[in-house]
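Read the structure below first, then the notes.
It should be emphasised that the depicted structure is a prediction, and the values quoted were computed from it without experimental measurement. So you know, we letter chains A, B, ... as the sequences are listed, proteins then strands, and number each from 1.
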2 protein chains.
Amino acid sequence: MDNRFIDKLRNFSELSAEAILALRQATDHPRSIQARRDLIREGDRPGPVFVILDGWACRYKILPDGGRQILAYLMPGDCCDLHVGLLAEMDHSIQTITSAAVATVGRDQMEEIFSCHPEVGRAMYIAQLVDEGTMRAWITSMGRRSSIERVAHLMCELYIRCRNIGLTTDMVVSLPFSQILLADSLGMTPVHLNRVLKELRSRGAMELQRGKLIIVDPKRLVQIAGFDENYLHRRFRPAGESRQINDHLDNAR
Amino acid sequence: MDNRFIDKLRNFSELSAEAILALRQATDHPRSIQARRDLIREGDRPGPVFVILDGWACRYKILPDGGRQILAYLMPGDCCDLHVGLLAEMDHSIQTITSAAVATVGRDQMEEIFSCHPEVGRAMYIAQLVDEGTMRAWITSMGRRSSIERVAHLMCELYIRCRNIGLTTDMVVSLPFSQILLADSLGMTPVHLNRVLKELRSRGAMELQRGKLIIVDPKRLVQIAGFDENYLHRRFRPAGESRQINDHLDNAR
DNA sequence: CGCTGGATTGACTCGGATCAAGTCGAGTGG
DNA sequence: CCACTCGACTTGATCCGAGTCAATCCAGCG
């Protein structure tokens, strides 16, 4: 049985067989959660660690005026907040986008795994550093990129992340996001996002249709986005056949 | 002799006398660095941990077109990247804004302190979580706030952070930032920032003049910004007389 | 078969960028 | 002590990207 969480951590740090077993046990009985359900809300006391094993989720904030800003996408293998309760309350909410399989690991259990298998803590720490790099890239996008660059950049990121965990091997990837959701990620209106997508389509760079992202011309997309994947710190991926398709994007720069 | 780094960590976690001594020794001989000097650049291998003891610095990224995006401000007590070399390369640069006193703590030394005094690691981990919360607030600002809200929000944040470390006790704080720097933080042009500052002045909310931020009407400023300081997680601050002035902002909501 | 929420398109408006002149203040050198 | 210089700050005029408002289209679904 595959467990993308463990796969991801193994990319970051060598894990002992015992560590893997412990992680497998901790995440073996995920709950099945419907789409658009909050896992935790801003203001809540951080609870267990959530591990997404299947499906998509997002971090977000709601503003006083009702506006919503998506802060990060969580995909299979990602986990929310090894906060382990260090902070008194959540400064944002987390919600499923699609129906999802989510394991909840109690804090005490997580602590025990960390102390028995320090390499797990190390791997999760690296994962967090990568997430931080991603946030910095988002800030940069919102501040200094035009809307078409921003859209292209996000699509590059999502595509690479999907590839990294083996969700695709060609230039198509399932991306079940509404345009409203994407607009809330990119700081633009759904109307304008729609027009930008049209423009990207007409330039022959990419298409987004019925939950599917199709990279038509990786080279062009990367060039439009000004995409440099260094912030995703793939350095930790094992070498292997899966590299070759990333190279499509790499070489296109 | 004051050491704002230690002060800050003590807010987050009880530190033993030995831990404090070890930290003091590690940061006792800061280098004096001129304004506008890079401490480390995007692409570099992460080196030692930098601890800002005096002055200001910032994280930033440069885009292909030459644009710059400020990602975070580092003030006395902040430290950059207990990365401890987990990542292969920096995804952004760090530069001093003013002349600054910066201690560099070698990775091995940092590791030793962590293993001898786990509470130090804990405190630094909390500091990092707060920094993440700040990044999320920035993403939210850039994505969903108007320019005047964004400016007001940043000023609220900087003011509170200065207050938290005792840089001010009234409504004035020294903020030696050029408008160009601020514009690069907020994703706007210096010209437009200038007009927004004028507007904030004319609304009687705040003034920014010759490196000094003056909060004229905290209530109004907070209201313009839609500021909620929960993301700064002050929960960890010790209670004390210093609270009363934060309350000016708190109550204004 | 009508309902509903997302996607798409058009018309119009407006916030913020761009371009272009100044102005001001702190150094610097004569 | 004053003229010169160089940044940074200000202000005005104009332009354009993106928001707003409003119809319409479309697919999935009870």
Strictly below 4.0 Å, N to O, side chains only: are [X] and [Y] in salt-bridge contact?
X      : Y      : answer
B/R4   : B/D7   : no
A/K8   : A/D78  : yes
B/D184 : A/R144 : yes
A/E199 : A/R195 : no

For this session: Find the distance between OH (B/Y60) and CZ (B/R41) and round it off to the nearest 0.5 Å.
Result: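 Going from the OH atom of B/Y60 to the CZ atom of B/R41 covers 6.0 Å.
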Exercise. Which comes earlier along DNA chain C counting from the 5' end, the contact point of A/R36 or that of B/I148, where each point is its nearest nucleotide?
Worked result: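 Looking at DNA chain C, the more 5' nearest nucleotide goes with A/R36.
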Exercise. Side chain of B/R201, base of D/dT10: donor and acceptor closer than 3.5 Å?
Worked result: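 Under the 3.5 Å cut-off, the side chain and the base do not form any donor-acceptor pair.
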Options [options], nucleotide nearest the side-chain atoms of [X]:
X      : options               : value
A/Q179 : D/dC9, C/dA17, C/dA7  : C/dA7
B/N194 : D/dT10, D/dA18, C/dA7 : D/dT10
A/V191 : C/dA7, D/dT11, C/dT9  : C/dT9
B/S178 : D/dC9, C/dG16, C/dT8  : D/dC9

For this session: Please tell me which of A/R210 and A/R195 maps to the more 5' nucleotide of DNA chain D, matching each residue to the nucleotide holding its nearest heavy atom.
Result: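 The residue mapped nearer the 5' terminus is A/R195.
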Problem set entry | D/dA18 OP1/OP2 closer than 4.0 Å to side-chain N/O of A/T189 |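 For D/dA18, neither OP1 nor OP2 has a side-chain N or O of A/T189 closer than 4.0 Å.
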Problem set entry | OP1 or OP2 of D/dT10 under 4.0 Å from side-chain N/O of B/K198 |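 The answer is no; no side-chain N or O of B/K198 sits under 4.0 Å from OP1 or OP2.
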Exercise. Between B/Y159 and B/H153, is the gap from one ring center to the other below 6.0 Å?
Worked result: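 No, too far apart.
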Separation of [N] [atom2] from [X] [atom1] (nearest whole Å):
X      : N      : atom1 : atom2 : answer
A/M188 : D/dA18 : CE    : C1'   : 8 Å
B/D184 : C/dA17 : CG    : P     : 11 Å
A/H192 : C/dT9  : NE2   : P     : 15 Å
A/L197 : C/dT9  : CG    : C1'   : 14 Å
A/Q209 : D/dA27 : CD    : P     : 13 Å
A/L182 : C/dG6  : CG    : C1'   : 12 Å
A/L193 : C/dG6  : CG    : P     : 14 Å
B/L200 : D/dT10 : CG    : P     : 13 Å

Problem set entry | Sole candidate of B/L71, B/I70, B/I62, B/D91 that passes side chain to side chain contact (heavy atoms under 4.5 Å, CB included) when paired with A/T140 |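 Output: one option passes, namely B/L71.
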Exercise. The helix from C/dC1-D/dG30 to C/dG30-D/dC1: angle between its terminal axes, five pairs each, to 10°?
Worked result: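 About 30° separates the two local helix axes.
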